[in-house]
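The model shown is predicted, which means the values in this text are computed figures rather than measured ones. Below, chains carry the letters A, B, ... as their sequence lines are ordered, and counting in each starts from 1.
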Number of protein chains: 2
Amino acid sequence: MPARVGIREVAAVAAVAQGTVSHFLNHPDRVSEEKRERIQRAIDQLGFVRNDAASQLRRGTSDTIAYIAPDVSNPFFATIAEGVEQQAAANGLSVFLANSNRSREREDAYLEMFQAHRVLGMLVASHDPIEDRLLHIRRRGTPTVLVGQRALGSDQPSVSVDDVTGGYLAVQHLIAQAGRRIAFVGGPLGIQQIGDRLEGAGRAVREAGDATMEVINVDNRTIAEGRLVAAAIASRPPANRPDAIFAANDLLALGIMHGLVVDHGIRIPADMLLVGYDDIEFGAASIIPLTSIRTPHEGFGIAAVDLLTAEIANSDAGRKKNIVLQPELVVRASTRG
Amino acid sequence: MPARVGIREVAAVAAVAQGTVSHFLNHPDRVSEEKRERIQRAIDQLGFVRNDAASQLRRGTSDTIAYIAPDVSNPFFATIAEGVEQQAAANGLSVFLANSNRSREREDAYLEMFQAHRVLGMLVASHDPIEDRLLHIRRRGTPTVLVGQRALGSDQPSVSVDDVTGGYLAVQHLIAQAGRRIAFVGGPLGIQQIGDRLEGAGRAVREAGDATMEVINVDNRTIAEGRLVAAAIASRPPANRPDAIFAANDLLALGIMHGLVVDHGIRIPADMLLVGYDDIEFGAASIIPLTSIRTPHEGFGIAAVDLLTAEIANSDAGRKKNIVLQPELVVRASTRG
DNA sequence: ATCAATTCTTGAAACGTGTCAATGACTTTT
DNA sequence: AAAAGTCATTGACACGTTTCAAGAATTGAT
């Protein structure tokens with residue numbers, strides 16, 4: 001167990017002043033070649049590692065941003081995380097990734113924690129309405145960007161997808177493929193993204209005139225929950241079943257697909273059309289390749305970081321704070337007779 | 001822009017001493033009801049958030065551990081991350097998740113960064129040999145647990161899977177299903193996990209006597225790379241193709257499956273048997289449900305955190321430091337004629 | 001050789017918190 | 001009623017770094 005070694009110990013070994021060691025760490029150009037070598041040797045010898053807490057305390061700031069995601073095991077968020085990571089690295093920032101596990105408590109804990117950490121800014125993806133909490137945080141001086149949800153307040157920067165259009169595209173396509181009894185599977189409907197997708201879906205149904213839509217509400221948008229929905233649908237008399245399903249995300253869609261096809265022998269797309277949302281990589285490789293609504297994944301993370309860095313730099317002037325990305329339909333076998 | 005507000009400002013507003021506010025934050029039971037209320041009011045009014053840097057500096061430690069993963073978008077690591085998160089939360093710890101994006105540079109940067117942060121300990125999953133670097137870090141006082149790779153040094157705690165057995169199970173099964181010309185798809189072979197799987201596979205081949213195995217080396221174990229392999233295999237004359245494939249992970253397997261089946265009309269399992277590794281959730285929902293080698297995902301993260309906390313507590317006495325989990329074969333349609 | 005300008009080096013002060021020994025206010029015991 | 005405890009509160013100090021003003025050393029120009 002080595003004794004604590006700080007800048008002072010290094011200075012002593014290298015026979016220079018403590019201030020010089022600090023310069024070596026932060027402005028190496030201001031230190032002469034000779035002392036640089038001595039200091040480097042001392043650092044190696046002692047195994048010195050700068051104490052970030054002290055450094056931050058003195059500087060009053062860090063070079064770190066945070067990204068809070070509700071569910072890292074959803075490839076949608078994982079892909080965004082990679083974009084965030086890359087763009088942040090390009091800007092010389094480090095990223096703390098936090099997984100709130102869809103728990104509001106853990107989300108709050110992380111929000112609090114990152115504030116205490118004095119991160120430069122936070123990217124927050126959430127399933128809950130969270131804008132008021134973010135407002136408090138911004139008021140206290142930490143910039144935030146809402147990810148995946150369009151901000152209502154015009155001061156809150158956000159990167160989101162036009163989910164109304166996404167829902168519209170999905171159901172319009174189902175109807176074009178001869179679906180008439182549409183089922184929307186998703187929830188909780190209180191979540192903005194989900195509500196928007198439903199709204200777009202509803203619009204497509206109304207436009208068609210001769211189609212109907214039922215809503216199957218679920219609490220979690222996971223593969224497991226999709227399987228349950230499949231079982232529920234399969235247990236109905238065939239005449240009562242929908243003939244086309246729009247699932248609020250790809251995980252749900254994959255679960256439904258697997259349940260219907262494997263467990264209950266319902267054929268896709270022959271007996272049932274199916275569209276998902278997000279276009280995660282696994283959708284293309286599923287039992288029946290999944291038609292989905294594609295949103296620009298990498299661009300998502302990049303745009304979010306750009307927005308945040310602008311916010312940090314405080315270049316407020318007339319900047320557009322709410323980026324809304326347009327989704328597109330990707331047709332695959334699950335809706336192609 | 002609110003003036004910086006610290007414990008001192010809170011104390012002034014609440015008309016108590018600064019030390020009392022500190023007690024309020026850390027030992028509320030030592031503060032009288034009356035002052036507790038006053039202080040809480042002052043905190044709310046001023047929007048005070050404790051400065052973690054100062055707190056850590058004074059305490060000399062944090063309540064945070066780090067988990068460095070090579071690739072969050074691989075569900076295998078994402079699932080482990082969830083287990084880590086949960087078990088850490090149960091122990092009152094927070095987790096900083098970092099994504100090294102398979103880049104050794106970023107990995108080193110994060111290792112350095114978390115040391116500087118004085119985290120309590122680090123969980124590290126890597127594709128590279130990393131034990132010597134972890135040794136340095138441990139020497140400097142930060143406990144580490146190697147995740148996914150068995151440690152060679154007996155002092156380095158690790159949680160891993162018996163990959164030799166895993167590879168053996170996979171190929172033994174392929175041979176039992178009448179595969180004779182086996183192809184192992186994976187790489188770089190220098191990676192311990194991959195090398196072990198290959199070794200187990202080779203053992204199964206030798207035992208069978210009448211089977212052969214070729215090795216198709218790849219650099220990345222991703223869906224995209226799997227597609228390339230599929231194209232390469234499909235371009236051979238049929239007599240030259242393997243009749244059974246063991247892919248070093250599920251992502252590769254899914255890419256291969258998709259490439260063979262969708263792009264080149266090769267049937268699985270009729271023309272080609274296919275086994276993956278890791279048993280990620282999407283494997284069961286793929287075009288042809290994927291036979292795979294299952295490793296206990298949640299248990300992985302939990303075991304890693306337990307090992308780390310033991311290490312942190314320094315309860316060294318005769319504890320087993322290298323946990324090796326046993327994999328099992330999960331048979332699905334991709335190998336079931 | 002001298003002076004000015006430049007480059008290096010120095011040590012003290014400050015960042016915001018937790019801790020600790022000391023003090024004061026009460027309560028209980030004798 | 002005095003002594004001995006208990007509990008709340010206080011304010012100074014230390015944690016390890018960065019910064020800053022000032023001093024020392026070096027360089028270049030005259």
Round to the nearest Å and state the distance from [X] atom [atom1] to [N] atom [atom2].
| X | N | atom1 | atom2 | value |
| --- | --- | --- | --- | --- |
| A:R30 | D:dA24 | CZ | C1' | 17 Å |
| B:R8 | C:dG18 | CZ | C1' | 12 Å |
| A:Q56 | D:dC15 | CD | C1' | 15 Å |
| A:I39 | C:dT10 | CD1 | P | 9 Å |
| B:Q18 | D:dC13 | CD | P | 12 Å |

Q: Select from A:A53 and B:T20 the residue whose nearest nucleotide in DNA chain D is closer to the 5' end of that strand.
A: B:T20
Q: Starting from the 5' end of DNA chain D, give me the residue, B:L57 or B:D29, whose nearest nucleotide shows up first.
A: B:D29
Q: Measure distances between side-chain N and O atoms of A:R58 and base N and O atoms of D:dT17, and say whether any donor-acceptor pair falls under 3.5 Å.
A: no
**Q.** Reported CG-to-NE2 distance for the pair B:N51 and A:H117, which is rounded to 0.5 angstrom
**A.** 10.0 Å
I want to verify a distance call: between [options], whose nearest atom is closest to the [X] side chain?
| X | options | result |
| --- | --- | --- |
| A:K35 | D:dT19, C:dG16, C:dT9 | C:dT9 |
| A:V31 | C:dT9, D:dT19, C:dT17 | C:dT9 |
| A:R59 | C:dG18, D:dT18, D:dT10 | D:dT18 |

Q. Is any side-chain N of the basic residue among B:R104 and B:E107 closer than 4.0 Å to the acidic one's carboxylate O?
A. no
Q: Flag the pair B:R4 and B:E9 as a salt bridge only when some basic side-chain nitrogen lies within less than 4.0 angstrom of an acidic carboxylate oxygen.
A: no
(Q) If you compare every side-chain N and O of A:N26 against the phosphate oxygens of D:dT18 (OP1, OP2), does one of them come in below 4.0 Å? (A) yes
Q: Sort out for me which residue in B:E131, B:R138, B:E311 forms a side chain to side chain contact (heavy atoms under 4.5 Å, CB included) with B:T144.
A: B:R138
